[in-house]
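Below you'll find the structure, written out as structure tokens, and then a few comments.
Every chain is numbered from 1, with letters handed out A, B, ... down the list of sequences. These figures come from a predicted structure and were not determined experimentally.
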Amino acid sequence: MNDLREFFDFAYIAEILPDLLEGLVVTAQASLAGFGVALILGLLFALARRSENGWLSQPVGALVEFVRSTPLLVQLFFFFYVLPRYGIRLPAFIIGMFALGLHYGTYTSEVYRAGIDAVERGQWEAAKALNFSPMDVWVRIILPQSIPPMFPALGNYMVAMFKESAQLFAITVPELMSTAQNIGARNFAYLEPFTLAGALYFLISYPSSLLVQRLEARYAR
Amino acid sequence: MQDKAMENKNAQEPIVRFEKVTKAFGELVVLRELDFELGPSEKVTVIGPSGSGKTTILRVLMTLEKPNAGVIWVDGEPLWHKEVNGKLVEADEKHLRKVRGNIGMVFQHFNLFPHMTALRNVYEAPVHVRGVPKEQAIARAQGLLEKVGLADKQDQYPAQLSGGQKQRVAIARALAMQPKVMLFDEVTSALDPELVGEVLGVIRELALEGEMALLLVTHEMGFAREISDRVIFFDNGNIVEQGPPKTIFDDPENPRTKQFLGATLRH
């Protein structure tokens with residue numbers, strides 16, 4: 001017990017925990033907001049790529065492939081340093097949320113695509129035979145039956161994104177990772193803040209993964 | 001053409017008219033300059049070998065497939081075309097929706113919406129397509145489910161229903177839109193034999209009511225004979241022979257019809 005106390009300063013931990021929890025709140029906010037953006041952008045990407053209009057589907061397809069094939073960190077830096085040069089000044093949190101949403105939107109768009117493709121042709125035909133408007137076909141017939149089976153895949157991306165939100169550290173968002181870094185630098189003691197940060201990430205991600213597994217069991221086709 | 005129009009004015013204007021309708025999938029021609037008419041409350045059955053294109057007649061009429069050539073008229077309006085300055089030009093979605101509203105279809109594989117109860121499957125389109133007030137649409141949907149013998153299943157989802165029950169819900173769903181023409185595309189082919197009767201029973205009742213025009217593609221020869229005003233033997237993209245069921249089944253003229261019926265009835 002003594003050894004451990006020497007190794008791990010519990011008083012220090014108690015002192016830094018409130019700051020780290022504040023960082024965790026920012027991480028959670030950025031993840032949830034970013035994932036909201038990813039869900040919306042992903043659907044728009046998927047619908048645009050399905051469009052019969054090549055002027056829409058081709059450029060969107062190229063954008064999706066480009067974003068998916070470049071690192072999130074590069075995208076974060078790009079938006080953070082380049083946008084202000086064109087007079088677009090946004091808080092780091094907003095840039096982080098949007099970049100996460102864009103990056104993960106390219107992944108969720110694939111989930112939507114696969115889910116929409118899995119709807120039988122007969123559903124489209126029945127919807128047409130009943131004379132639903134094209135909008136109603138999507139909103140009332142196709143999406144309501146294709147989205148629930150997507151929950152597990154979307155959930156996995158949400159957990160992955162929660163962990164990757166640590167990269168927002170690079171653009172000065174005061175989330176969990178950068179909080180840990182700042183505490184360490186201030187006190188010249190990195191072991192405790194980073195260990196604690198890791199534990200906090202784990203405490204959220206692991207139960208979330210278990211939840212996703214339960215969704216998988218429930219929505220398995 | 002002129003004479004025909006005059007004649008139809010005096011008699012009964014057909015609800016559906018095909019004029020030299022051609023449909024090909026790549027090299028394969030499934031409808032070959034087909035001319036065909038359906039009277040306003042006529043019951044017509046199309047029989048013929050598999051792959052002869054008979055289902056395609058229904059599918060071009062339901063606008064699920066677009067013909068390569070020819071004109072289809074529904075209740076006096078061109079289906080796939082619009083009349084602009086006396087000329088027929090390709091129809092837009094708005095026009096298609098307007099004319100399509102006259103037609104209903106029941107599919108081989110039911111195609112019920114799996115995320116809706118039986119009742120909602122029936123009232124969803126009347127509410128959102130026709131703008132019927134919801135309570136009224138629900139009441140009507142309940143009436144239709146009762147008519148097809150499924151009043152007690154209204155809150156079940158399609159996955160909880162048997163094939164025969166699903167198909168009866170699908171019929172109620174199509175009826176809810178009050179089409180002038182109802183298409184039945186091999187509606188008993190996907191059913192277990194013991195469930196065929198309950199579905200045919202519902203269609204028989206519709207045929208007896210008499211108002212709606214029915215166009216059926218089926219392999220149920222006995223049923224075709226019983227309910228049809230006219231039977232069409234279809235093969236190789238066109239009508240080979242047609243007439244009252246008695247004539248077609250008992251005394252066919254064309255050797256291909258004889259051969260087909262001989263082969264079918266022996267089974």
Side-chain angles (χ1 to χ4, degrees), chain A residues 39-40 42-43 46-57 108 111-155 214-221, chain B residues 55 58-66 92-116 120-131 137 157-159 166-167 169-179 181-185 190:
Chain A
L39 287 178
I40 294 163
L43 180 59
L47 294 178
R49 292 187 84 175
R50 286 183 69 92
S51 166
E52 281 164 22
N53 182 349
W55 292 102
L56 181 63
S57 61
T108 58
V111 177
Y112 283 113
R113 190 189 58 75
I116 290 164
D117 285 352
V119 175
E120 287 170 33
R121 197 181 63 164
Q123 293 290 310
W124 296 90
E125 294 186 345
K128 196 178 224 185
L130 290 165
N131 220 358
F132 282 102
S133 70
M135 185 66 165
D136 274 346
V137 174
W138 279 109
V139 174
R140 304 191 182 282
I141 312 296
I142 303 301
L143 292 178
Q145 59 180 297
S146 56
I147 287 179
M150 297 177 196
F151 288 160
L154 293 175
R214 286 187 56 177
L215 286 178
E216 248 156 33
R218 176 153 173 206
Y219 291 106
R221 277 208 167 170
Chain B
T55 284
L58 307 189
R59 292 178 59 83
V60 294
L61 188 50
M62 193 66 260
T63 69
L64 301 176
E65 308 282 359
K66 190 176 178 183
D92 50 21
E93 176 66 22
K94 194 177 155 212
H95 176 86
L96 276 172
R97 278 194 80 200
K98 187 177 127 211
V99 183
R100 188 195 285 141
N102 292 305
I103 303 166
M105 184 161 179
V106 183
F107 298 86
Q108 183 177 355
H109 294 287
F110 333 124
N111 301 346
L112 290 181
F113 303 132
H115 57 299
M116 298 180 189
R120 187 150 173 219
N121 262 282
V122 181
Y123 77 72
E124 187 78 354
V127 170
H128 295 291
V129 178
R130 281 273 166 96
Y157 284 85
K166 281 183 205 170
Q167 196 58 298
V169 173
I171 293 172
R173 181 176 71 171
L175 286 174
M177 293 298 279
Q178 301 177 297
V181 183
M182 184 79 105
L183 312 176
F184 293 88
D185 185 14

At a 4.5 Å cut-off on heavy atoms, which part of [X] comes close to chain A: side chain, backbone, both, or neither?
| X | result |
| --- | --- |
| B:F113 | both |
| B:E93 | side chain |
| B:R130 | neither |
| B:L183 | neither |
| B:H109 | neither |

Exercise. With a 4.5 Å limit on heavy-atom distance, are the side chains of B:V181 and B:N102 in contact?
Worked result: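 Sidechains of B:N102 and B:V181: no contact.
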Exercise. Can you check whether A:I141 reaches B:M116 side chain to side chain, under 4.5 Å on heavy atoms?
Worked result: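 In short, these two side chains touch, coming nearer than 4.5 Å.
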Under 3.5 Å, side chain of [X] to main-chain N/O of [Y], donor-acceptor pair present?
| X | Y | answer |
| --- | --- | --- |
| A:Q145 | A:I116 | no |
| B:D185 | B:T55 | no |
| B:Q108 | B:F184 | no |

Among [options], which residue has the highest count of heavy-atom pairs closer than 4.5 Å to chain A?
| options | result |
| --- | --- |
| B:L96, B:V129, B:I103 | B:V129 |
| B:R97, B:M105, B:R173 | B:R97 |
| B:H128, B:M177, B:M62 | B:H128 |

Exercise. Contact part of A:R121 toward chain B, heavy-atom cut-off under 4.5 Å: side chain, backbone, both or neither?
Worked result: side chain
Seminar exercise, completed: When the 4.5 angstrom heavy-atom criterion is applied to A:P148 and chain B, the contacting part is neither
For this session: Please round to the nearest 0.5 Å and tell me the distance separating atom NZ of B:K166 and atom CG of B:N121.
Result: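 B:K166 NZ to B:N121 CG: 11.0 Å, rounded to 0.5 Å.
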Problem set entry | Test: A:R50 and A:D117 ion pair at under 4.0 Å | yes
